[in-house]
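Order of the sequence lines fixes the chain letters, A, B, ..., with proteins taken first and strands second; residue numbering starts at 1 for each chain. The structure displayed is predicted, hence computed values, not measured ones. Below, all heavy atoms of this structure are taken into account, side chains as well, without hydrogens, waters or symmetry copies.
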Amino acid sequence: MRVFVIICLSLITYSVNAQVKLLKLDDLNQRIANGKDTTYVINFWATWCSPCVAELPHFEKLRAENIKKPVKVLLVSLDFKSKLQKQVVPFVSANKIKAEVFLLDEPDQQQYIERIDKKWSGAIPATLFVNKQVRRFYEKEFTETELKNTLFNLK
Amino acid sequence: MKNLFLTGLLLISTLAFGQTTGYQVGDVVKDFALKNIDSKTVSLADYKDAKGYIVVFTCNTCPVAKGYQDRVAALNAAFAIKGYPVVAINPNDAGAAPDESYEKMQVLAKEKSFNYPYLFDPNQVVTKQFGALKTPHVFVLSKTANGTTVEYIGAIDNDPEGGNATKVNYVENAIDALNSGKKPAVTATKAVGCSIKWQRG
């Protein structure tokens with residue numbers, strides 16, 4: 001009985017304690033560089049951005065469909081750092097998001113926007129498809145089909 | 001013949017590019033006539049004594065834009081008397097986002113007692129002319145010999161959340177420069193904002 005309670009408790013804490021790590025752009029670039037044949041689909045979003053929230057299920061679906069392929073979906077939140085525990089973590093657990101979620105930890109928007117893509121105005125949603133050969137950036141909302149096709153036709 | 005074709009192609013692509021990107025720094029702005037929340041039409045030419053304008057694309061719902069509402073009011077309070085009034089325009093299509101309707105703009109302006117015009121842009125014509133991409137998105141204009149000219153495009157400051165130790169007030173600095181007969185040192189900045197809700201069609 002005691003063991004059962006402990007297991008239950010740990011399960012509850014696990015599901016509540018959704019992982020949202022802080023992310024530096026240098027670390028992201030390092031990960032892409034070490035990614036071998038992996039294609040990263042990196043979606044920039046925020047809990048306050050309604051079109052972003054609307055397209056998150058497409059990214060979840062894309063992740064699930066490509067689970068056996070060298071494809072990683074990363075969801076990078078641009079929410080304020082002060083909202084990490086109060087808004088982002090609860091949002092991720094309430095929506096049962098399984099993709100890796102990060103919160104961008106860069107102080108200067110002016111700098112990081114340019115580093116992610118020179119053409120980016122800073123509007124979200126925005127998505128970067130990147131592997132060692134290709135880097136494609138889109139400042140737009142994706143439909144489920146568009147998202148699938150963009151990944152499929154990435155050359 | 002081939003050259004003519006190429007020139008034509010180049011021209012078309014330049015035009016198409018120009019249309020999607022809107023005004024750049026140095027461009028002369030075409031005046032507009034948009035309905036304010038009090039139903040009266042506002043044009044840039046109405047401000048006879050203005051030396052320039054702070055055109056702010058902002059909206060009812062975007063949390064980033066809302067976070068800047070007080071700062072926009074402070075800009076108008078500080079700079080309208082110096083000849084640079086704030087003119088705010090809602091770039092969003094109410095069809096695509098019902099909370100961005102003219103009626104809800106009126107409610108917000110009243111609630112927050114906006115001290116500047118808050119204009120409705122039906123069919124997003126002026127929004128496209130400027131090439132506004134998000135809220136908030138600011139265009140600082142000045143009256144020059146050539147006409148009303150774009151001097152700065154971008155963010156109000158680099159501190160959306162409050163608490164950036166290295167805060168720079170881009171718009172304030174740009175106007176201070178213009179007011180002393182100089183060009184702004186920083187003419188373009190980027191910031192995270194809410195994408196514009198375009199008319200579906």
Under a 3.5 Å cutoff, is there a donor and acceptor pairing between the side chains of [X] and [Y]?
X	Y	value
A/N43	A/E55	yes
B/Y84	B/S142	no
B/Q199	B/N123	yes
B/E151	B/T187	no

**Q.** Proximal component of B/A188, with respect to chain A [non-hydrogen, under 4.5 Å]
**A.** backbone

Q) For A/I124, is it the side chain, the backbone, both or neither that has a heavy atom under 4.5 Å from a heavy atom of chain B? A)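 Answer is both: backbone and side chain atoms of A/I124 are under 4.5 Å from chain B.
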
**Q.** Contact winner vs chain B - A/F44, A/W120, A/W48, heavy-atom pairs under 4.5 Å
**A.** A/W48

